[in-house]
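The next block holds one structure in the form of structure tokens; read it before the comments.
Numbers restart at 1 for each chain; the letters A, B, ... are given by sequence-line order, proteins then strands.
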Amino acid sequence: MEIKDLSYNTGEWLRGTGKESDIVISSRIRLARNVTGFPFLSRANLRQRKEVEALLRETIAKSEITKELSYVNLTTATTVDKLLLVERHLISKEHAEGDGERGVAFGKTETISLMINEEDHLRIQVIRAGFELKNTWVVIDEIDNCLSEKLNFAFSSRFGYLTACPTNVGTGMRASVMLHLPALGMTKHIEKVFNAVGKLGLVVRGLYGEGTKVSGDLYQISNQFTLGKTESEILSIIESVIPRITSYERMARKALVLESKEQLEDRIWRSYGMLKTARMITSEEILQLLSQVRMGVNLGLINDIEMKTLNELFILTLPGHLQKLQGCELDSTQRNIIRASFVRKRLDNL
Amino acid sequence: MKCESCGKKIATVHLTEIVGKEKKEKHLCEECAHNVTSHFPKAPTPSDILTSIINQVSPEIEEMSKTTCPVCGLSYLEFRTQGRLGCPMDYDVFKKGLLPLIERMHGSSQHVGKVPPNASDEVVRKNELMQLRKELNKAVEKEDYEKAAQIRDKIYGFSGNINNGD
């Protein structure tokens, strides 16, 4: 598979299916691993970096579960290609912007991605649509076991899996669930959610993880600590919290319908109208418009558009995707024009 | 008054130096004074002051600041400024400084999670023991003494040859 093939569709995790898919977009787990016998990347010289990259790339290509994955060398990838991979959550921003020998292996469905030489030698990631942490863990655990047969990962009985940053040490696991919470945002109850999850050792992050801002009412809830609890304990904390947040969001939506039905409906229909008619849409604006329409679909107000289509619009109109589709670099004004026309065409064909 | 040093310019800087009981006065022009004062010991820089404050607050940093990893060459101070460790060995070499940091980050400093499937038997057993100890604490907290006793028996069941230290 080539990168250009990605720009026409979405990954499987954006199918809009799965448990609680009206609010939970996706469930993601990543594991941080380092190979013994090499320094962590900040102290690795060029030769060692290359050796780690080759060792991991070859092991992935030979291992039963991962041998079918496609590999992209990020050292030689273009800026647009790297941006596209970030937008699809196949690599992190840091991985795209980093330097030296590094790459990513991912599957056709984009459920699995293995980042080589990100902050750690290896970051294994599995994403699933909807609220699916348990199954996600089963898959990632299996990949980790499979690779462990051929690789020795740095581990101590005291600190667990050893990582470049002590914030990841132990399980090396970060589990996150992406939620769409427009009503809690509108009613300003979202702060309460932040405070409550904070007390449980969880953190709220933006769309692209650590340090990114919240756009389109999309939030990622993930564990802060990685040491002192087993993987299943960490996952069950998140699993116990998510249903409370989703029911809180549903309550807030009901309250909005009861208290300000006209304003809410007006807002949703205006957003839908804008998507269908606007001539220029910024990347920030489209996330807000799609967020409103998504809520409209969930509330049963809008019936002629599928969640899958909304997810496609969400991902295919991001800057990297638009540029890949056009086959050239575009400035922001050009992107805004092309984005609006792309959305209009998609919605006209319904 | 002319400068005592160059004898040309007007002396605008008047220095008083006390050595033992003797008091010496010097009258210099600005230029000559600059040359003389630059030999005086430097005033502490803000970073010196900061370091001394850190040392008062957490003395382990003072002690650790002299530590450098023999494997990757990273010093503890470099780690504190960059936040990234250099190699797996650093967890051992910087343990004294890392422990309080890790405790604060994770609320614990003992791994109880997954063990690599290819880990040695000793590591696996140690990990099981840690998990049992944790369960024991939980049971005691919940005042479930029956369960606590069961777990305690399991812990006793482990052969005594496991080195509990790290």
Side-chain angles (χ1 to χ4, degrees), chain A residues 29 31 33-45 48 52 94 119-121 137 140-142 144-173 200-201 223-235, chain B residues 68-69 71-75 78-95 97-131 133-135 137-138 162-166:
Chain A
I29 301 180
L31 297 174
R33 299 288 186 255
N34 289 279
V35 189
T36 53
F38 290 96
F40 296 145
L41 292 167
S42 63
R43 301 297 285 187
N45 58 33
Q48 289 165 324
V52 170
E94 292 73 27
E119 185 182 283
D120 294 294
H121 295 157
W137 168 252
I140 203 165
D141 188 37
E142 206 180 334
D144 183 43
N145 287 342
C146 186
L147 294 174
S148 299
E149 283 172 18
K150 298 186 171 71
L151 298 164
N152 281 324
F153 292 133
F155 181 89
S156 91
S157 50
R158 175 71 193 259
F159 295 121
Y161 286 95
L162 304 176
T163 51
C165 183
T167 50
N168 297 315
V169 78
T171 57
M173 182 183 82
L200 293 165
N223 59 305
Q224 181 144 44
F225 41 75
T226 52
L227 183 72
K229 286 195 163 44
T230 65
E231 287 81 356
S232 60
E233 281 174 316
I234 297 172
L235 294 174
Chain B
T68 297
C69 173
V71 177
C72 70
L74 183 81
S75 76
E78 278 174 301
F79 159 63
R80 291 302 300 244
T81 38
Q82 296 157 7
R84 297 286 180 276
L85 290 161
C87 75
M89 188 59 103
D90 292 349
Y91 280 95
D92 212 37
V93 180
F94 302 144
K95 197 169 178 182
L98 271 172
L99 270 177
L101 210 72
I102 287 179
E103 277 282 349
R104 232 174 301 144
M105 275 173 194
H106 301 282
S108 165
S109 61
Q110 177 60 55
H111 178 64
V112 290
K114 184 174 176 174
V115 170
N118 53 356
S120 67
D121 286 351
E122 196 196 330
V123 172
V124 174
R125 290 173 69 81
K126 249 191 204 176
N127 187 268
E128 279 174 30
L129 187 62
M130 288 304 167
Q131 291 194 10
R133 287 212 180 122
K134 218 180 134 199
E135 280 175 36
N137 285 343
K138 260 193 197 165
I162 291 176
N163 177 11
N164 290 341
D166 198 31

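In this structure, no portion of B:Glu103 lies under 4.5 Å from any heavy atom of chain A. For a residue to count as touching a neighbouring chain, one of its non-hydrogen atoms must lie under 4.5 Å from one of that chain's; by this rule A:Ser232 does not touch chain B. Using a 4.5 Å cut-off between heavy atoms, A:Ser42 touches chain B through its side chain atoms alone. Both the backbone and the side chain of A:Thr226 come within contact range of chain B, each with at least one heavy atom under 4.5 Å from a heavy atom of that chain. With a threshold of 4.5 angstrom between heavy atoms, A:Leu151 approaches chain B through N, CA, C or O but not through any side-chain atom.
At a threshold of 4.5 Å between non-hydrogen side-chain atoms, the residues B:Pro88 and A:Thr36 do not count as touching.
Taking the charged nitrogens against the carboxylate oxygens, A:Glu233 and B:Lys138 do have a contact shorter than 4.0 Å, which makes a salt bridge.
From A:Leu41, atom CG reaches atom CG of B:Leu85 across 12.5 Å, with rounding to the nearest 0.5 Å. The structure places CZ of B:Arg84 at 9.0 Å from CG of A:Asp120, a figure rounded to the nearest 0.5 Å. A:Phe159 CZ to B:His106 NE2: the interatomic distance, rounded to the nearest 0.5 Å, is 9.5 Å.
At least one donor-acceptor pair under 3.5 Å links the side chain of B:Tyr91 to the backbone N or O of A:Thr163. For the pair B:Asn118 (side chain) and A:Glu149 (backbone), a donor-acceptor distance under 3.5 Å is absent. Looking at B:Gln110, its side chain does come within 3.5 Å of a backbone N or O of A:Ser157 through a donor-acceptor pair.
Closest approach of A:Pro39 and B:Cys87 over heavy atoms only: CA-CB, 3.9 Å. Shortest non-hydrogen contact noted between A:Pro166 and B:Ile102 is CB-CG1, 4.3 Å. Nearest heavy atom pair, residue B:Val115 against residue A:Tyr161, reads C-OH, 3.8 Å. Taking all atoms of both residues into account, the shortest heavy-atom contact from A:Arg43 to B:Leu74 is NH2-N, 3.5 Å.
Between the side chains of A:Asn145 and B:Lys114, a donor-acceptor pair is found at a separation under 3.5 Å.
Comparing A:Ala154, A:Gly201, A:Cys165 by heavy-atom pairs within less than 4.5 Å of chain B, the highest count is held by A:Cys165. The candidate from B:Val112, B:Asp90, B:Leu98 with the greatest count of non-hydrogen atom pairs under 4.5 Å with chain A is B:Val112. Between chain B and the options A:Phe38, A:Phe40, A:Phe225, heavy-atom pairs under 4.5 Å are most frequent for A:Phe40.
Taking the six-membered ring where tryptophan is involved, the planes of B:His111 and A:Phe155 are perpendicular, since the angle between them exceeds 60° and thus also 30°.
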Quiz item: Under the side chain to side chain contact (heavy atoms under 4.5 Å, CB included) criterion, do A:Val169 and B:Met105 qualify, and how do the steps go?
Solution: CA-CA 10 Å; A:Val169 78; B:Met105 275 173 194; over 6 Å; no
